Structures are given as structure tokens and as C-alpha cells.
**Student:** 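Before anything else, here's the structure in question.
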Number of protein chains: 2
Amino acid sequence: MLRGDITEAIQAAVVEELAAVGYGRLSIEAVARRAGVAKTAVYRRWGSKLAMVLEIVAGVAGRKLPLPDTGTLSGDLTVFLQILTIALRHPLASQIIPDLLAEAARNPEIAQTLQQALRANQHEIGSLLVGRAIERGELPEGADPDLAVDLIVGPIYWRLTVNRDPLPPDYVPRLVTAVIAALSA
Amino acid sequence: MLRGDITEAIQAAVVEELAAVGYGRLSIEAVARRAGVAKTAVYRRWGSKLAMVLEIVAGVAGRKLPLPDTGTLSGDLTVFLQILTIALRHPLASQIIPDLLAEAARNPEIAQTLQQALRANQHEIGSLLVGRAIERGELPEGADPDLAVDLIVGPIYWRLTVNRDPLPPDYVPRLVTAVIAALSA
DNA sequence: CAGCGACGCAACGGTTGCGTCGCGACGTTG
DNA sequence: CAACGTCGCGACGCAACCGTTGCGTCGCTG
């Protein structure tokens with residue numbers, strides 16, 4: 001019954017508005033304005049700003065990253081890090097992700113939605129990468145997939161999103177060798 | 001001329017309000033209300049919400065962490081990580097830091113203030129830790145202090161503040177050995 | 001072709017915050 | 001004691017947004 005093109009316009013507007021002003025300052029009026037849509041069209045779909053954002057965010061964050069098997073741990077890590085750096089550099093992502101994380105610190109529903117979307121994905125990637133490497137004999141049996149994820153994602157996120165430093169050109173390969181050394185210990 | 005106790009009450013109120021609702025939703029009215037102070041008292045001190053927050057944040061974020069010399073790299077790292085985990089777990093810090101980082105992504109003045117306060121401190125800590133370790137022969141000559149900081153702070157920040165997972169009891173020592181292995185490569 | 005529902009539009013009363021102003025009270029300074 | 005400046009208080013007009021309502025239009029469905 002609800003027109004699909006309008007729903008999509010609203011979703012896109014929410015994402016843009018989220019990037020522009022953040023969840024705290026996001027208003028239904030501004031979303032409708034940006035979507036070129038009447039406020040009533042929004043309220044017909046969602047009962048509140050929270051419900052609207054939760055549904056849209058869950059939809060976007062739930063997508064899985066493709067994770068090719070390059071044949072070596074170092075290759076897998078390099079590909080994964082490159083995908084990650086591109087994603088984190090995306091203007092929309094680099095504004096929305098920190099904002100939602102900040103909001104998650106005070107809103108349990110947002111926190112739960114983000115965790116549900118991210119944690120499973122993250123654990124799966126870690127298990128996959130480390131599992132393959134162990135099968136190949138590149139890592140010892142006891143290597144911890146969750147620690148691996150922290151070691152891979154943490155430094156990149158810290159540098160790109162928190163510190164907002166540009167990446168030195170050889171940063172990714174150096175990080176890859178460092179992570180492999182760390183996991184082999 | 002301006003009463004010091006009132007200034008302090010306002011500063012404390014700003015910090016609390018920042019934690020409670022974030023920079024985006026922070027209002028002068030709420031700050032004055034929380035501080036038990038008239039709105040005019042705030043406007044006598046700062047001309048705008050941005051100026052007020054910047055001055056207060058710079059004052060808090062500029063403080064330096066003590067960094068004892070334990071005699072070994074592993075000891076230094078352990079102490080530093082423990083201080084860091086305690087700081088990041090602090091309720092006020094864990095809400096305010098992500099919020100300001102998110103706001104920094106859209107407000108250059110906030111970004112600059114944070115960078116100025118954090119980057120220098122961070123680089124100094126990295127250089128100090130790595131420098132000592134190289135002198136002791138615990139790390140090779142070429143070890144990169146900035147990469148070291150990413151490897152130390154990134155995983156902890158990721159797990160504590162982004163993922164909001166509790167730390168497994170032996171996480172810090174395992175991270176320490178992993179980091180040392182990574183930096184030795 | 002008749003009916004239904006989503007649509008845009010405009011307006012509603014209510015809330016919140018903005019930045020400013022004038023007032024009288026209080027305490028310090030000269 | 002007189003002057004000054006900060007203080008709290010309350011109010012101002014203005015703007016934005018809230019969530020809801022009623023209206024007429026449009027397009028699909030039966």
C-alpha cells in the first residue's frame with residue numbers, strides 16, 4: 001500500500017540527515033523536507049524517530065562484506081583491510097558510525113541494534129580468517145579469533161575515524177605483518 | 001569579578017550534560033538549570049555553546065597521564081593499558097569521548113581542539129615507550145612509535161568503547177604480548 | 001466506475017530553546 | 001557610605017519541531 005519510491009526517498013534522507021546533524025539533532029521535519037515528502041508520509045511508516053532510525057540502520061549495517069579466500073593469511077588480511085579502509089573513509093560512514101556509537105552509549109536500543117548487526121559479522125570474519133590460517137599452518141592452534149579482530153580493526157579504526165590521520169602509504173602492509181606476528185605469539 | 005564557584009558549577013554541569021544528552025542536544029538552558037544558576041550567568045562567561053564547550057573540553061583533555069618507568073616494555077605497556085582501561089570505563093568519559101569524536105566529524109573547531117589535545121600527548125607516549133624499549137634492546141631500531149600507539153590503543157578502544165564488550169580477565173597480558181611480538185617484527 | 005488508501009498541503013496547540021532585557025538584592029571595593 | 005558589578009529571577013519575541021488533524025487529489029483495485 002505504501003509507495004516504495006517514497007519509502008526509499010525517506011530512507012536516503014534519514015541517512016543523509018544522520019550524517020549532517022547526527023541522531024541527536026535529527027528531526028522528522030528535516031527528514032521529510034530533505035526527502036521532498038510530507039511529514040505525514042513519514043509518520044505513516046514509523047511511529048517515532050527511534051523506530052525509524054533503528055529499522056533503517058539495521059538494514060544498512062546488516063549487510064555482509066564479501067571475504068575472498070586469497071590463499072594466504074597475509075593476502076586475506078590485506079584485502080580485508082583495504083575494504084575496511086575504503087568503507088571507513090566513506091564520508092557518510094565516517095560521520096554516521098561515530099555518531100551512532102556515541103548515541104549507543106546512552107540508548108540501549110541503539111546499542112543492541114548495532115551490536116546485533118556488528119558483533120555477529122565481526123566474529124564470523126575473525127573465525128573465518130583465523131580458521132583458514134590455522135588449517136594452512138600459518139597460525140598456531142590456539143590463536144584467538146576475537147583478539148585477532150581487535151588487532152586488525154582497532155588500529156585502523158583508531159587512526160582513521162578517531163585520530164582522523166591520513167594513512168601512510170605503506171601502513172596496511174606494515175599493519176598486516178605486525179598483526180601476523182602478534183597472532184603467532 | 002566573575003564568581004569562581006559559579007564558574008566551576010557551570011563547568012561541571014556542562015560535563016554532566018554532555019554525558020547525558022551529547023553535544024548536539026546540549027542546551028544552555030539545561031546547563032544553567034543543572035548548575036543551579038541563571039542563564040545570564042552563563043552568557044556572561046561565554047558567547048556561545050561552542051566556545052563554552054571548547055574551552056572546558058580543552059581544559060579537561062589537556063591533562064597528561066603519568067607514565068611510570070617500570071624497567072621493562074611489558075611492564076610499561078601493562079601499566080599504560082590498565083590506566084587506559086580504567087579511564088575508558090569511566091561513565092562520563094565513555095559517553096563524552098565518542099560523542100565529541102562524532103561531533104568532530106562535522107565541526108572543524110572541535111576536531112582541531114581534540115587533535116591538539118590528544119595527538120601531542122599520544123605521540124609523546126608512543127615515543128617514550130618505544131624509545132625506552134629500544135634503549136634496553138627490547139625492540140629493534142626501526143620500531144615505529146606511531147604504529148605502536150595504534151596497536152596499543154586501537155584494540156582496547158575498539159573493544160571497550162565501540163564494541164562495549166567486557167574485557168576477559170587475561171585480556172591485557174595477552175594484548176601486551178601480542179603487541180610486543182608485533183613491534184618486534 | 002466506484003471505493004479505498006496513500007499522497008501533499010496547511011494548520012493546529014504545545015513545548016523547548018534561543019539571546020536579550022530590566023529588575024532588585026547582595027557583596028566588595030574605594 | 002556610595003558606586004559598581006555580579007547575582008537570581010522572570011519575561012520578552014522569535015524560531016523550530018513536536019505529533020495530530022482535516023482536506024482535496026491521485027492512482028490503483030475490484
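All values reported here derive from a predicted model rather than from experimental measurement.
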**Student:** Could you give the distance from CG (B/Leu88) to CG (B/Leu84), rounded to the nearest 0.5 Å?
**Tutor:**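 So the CG of B/Leu88 and the CG of B/Leu84 are separated by 4.5 Å.
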**Student:** Tell me, please, which residues at least two apart from A/Lys49 pass salt bridge (Lys or Arg N to Asp or Glu O under 4.0 Å).
**Tutor:**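 Salt bridge (Lys or Arg N to Asp or Glu O under 4.0 Å) check on A/Lys49 returns nothing, list empty.
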**Student:** Please identify each residue that fulfils side-chain contact (heavy atoms from CB on, under 4.5 Å) with B/Gln112, with sequence neighbours left out.
**Tutor:**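 Partners of B/Gln112 by the side-chain contact (heavy atoms from CB on, under 4.5 Å) criterion, ordered by chain and then number, come out as B/Gln116.
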**Student:** Would you say the side-chain atoms of A/Gln122 and B/Asn163 include a donor-acceptor pair closer than 3.5 Å?
**Tutor:**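 Indeed, the side chains of A/Gln122 and B/Asn163 share at least one donor-acceptor pair under 3.5 Å.
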**Student:** Not counting sequence neighbours, list each pair that qualifies as a side-chain hydrogen bond (donor to acceptor under 3.5 Å, both in side chains) and has a residue in residues 86-101 of chain A.
**Tutor:**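 Residue pairs with at least one partner in residues 86-101 of chain A: A/Asp99-B/Arg106.
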**Student:** With sequence neighbours excluded, what pairs up with B/Asp146 under the salt bridge (Lys or Arg N to Asp or Glu O under 4.0 Å) test?
**Tutor:**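 B/Asp146: no salt bridge (Lys or Arg N to Asp or Glu O under 4.0 Å) contacts found.
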**Student:** Under 4.0 Å, heavy atom to any atom of DNA chain D: which of residues 5-15 of chain A qualify?
**Tutor:**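 By residue number: none to list.
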**Student:** Are B/Val149 and B/His123 side-chain neighbours, meaning at least one heavy-atom pair lies under 4.5 Å?
**Tutor:**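 The answer is no, as the side chains (C-beta and beyond) never meet within the 4.5 Å cut-off.
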**Student:** Excluding sequence neighbours, so at least two apart, what forms side-chain contact (heavy atoms from CB on, under 4.5 Å) with B/Glu109?
**Tutor:**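 If we apply the side-chain contact (heavy atoms from CB on, under 4.5 Å) test to B/Glu109, skipping adjacent residues, the hits are B/Leu50, B/Leu54, B/Asn107.
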**Student:** For B/Leu67, check side-chain contact (heavy atoms from CB on, under 4.5 Å) against everything at least two apart and list the hits.
**Tutor:**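 Per chain and number, B/Leu67 pairs via side-chain contact (heavy atoms from CB on, under 4.5 Å) with B/Phe80, B/Ile125, B/Leu128, B/Leu129.
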**Student:** Distances under 3.5 Å only, N/O to N/O: pair up the protein atoms with those of nucleotides 24-30 of chain C.
**Tutor:**
none

**Student:** For residues 17-24 of chain B, which residues have at least one heavy atom under 4.0 Å from DNA chain C?
**Tutor:**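 Those residues whose heavy atoms fall under 4.0 Å from DNA chain C, taken from residues 17-24 of chain B, amount to none.
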**Student:** Applying side-chain contact (heavy atoms from CB on, under 4.5 Å), can you list everything that pairs with A/Glu16, at least two apart in sequence or on another chain?
**Tutor:**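 side-chain contact (heavy atoms from CB on, under 4.5 Å) list for A/Glu16, sorted by chain: A/Ala12, A/Arg34.
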**Student:** Just wondering, do A/Leu139 and A/Ser184 contact through their side chains at under 4.5 Å, heavy atoms?
**Tutor:**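 Yes; the side chains approach each other to less than 4.5 Å.
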**Student:** Can you tell me the distance, in whole Å, between the CG atom of A/Leu2 and the P atom of C/dG5?
**Tutor:**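 My rounded result for the distance is 12 Å.
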**Student:** Return each pair, listed once, that meets salt bridge (charged side-chain N to carboxylate O under 4.0 Å, His left out) where at least one residue sits in residues 167-185 of chain B; pairs must be two or more places apart or across chains.
**Tutor:**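 For residues 167-185 of chain B, and leaving out neighbouring residues, the salt bridge (charged side-chain N to carboxylate O under 4.0 Å, His left out) pairs sorted by first residue read A/Asp144-B/Arg174, B/Asp170-B/Arg174.
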**Student:** Can you check each nucleotide of nucleotides 13-30 of chain D against protein heavy atoms at under 4.0 Å and return B for base, S for sugar-phosphate only, - for none, in 5' to 3' order?
**Tutor:** ----BBBBB---------
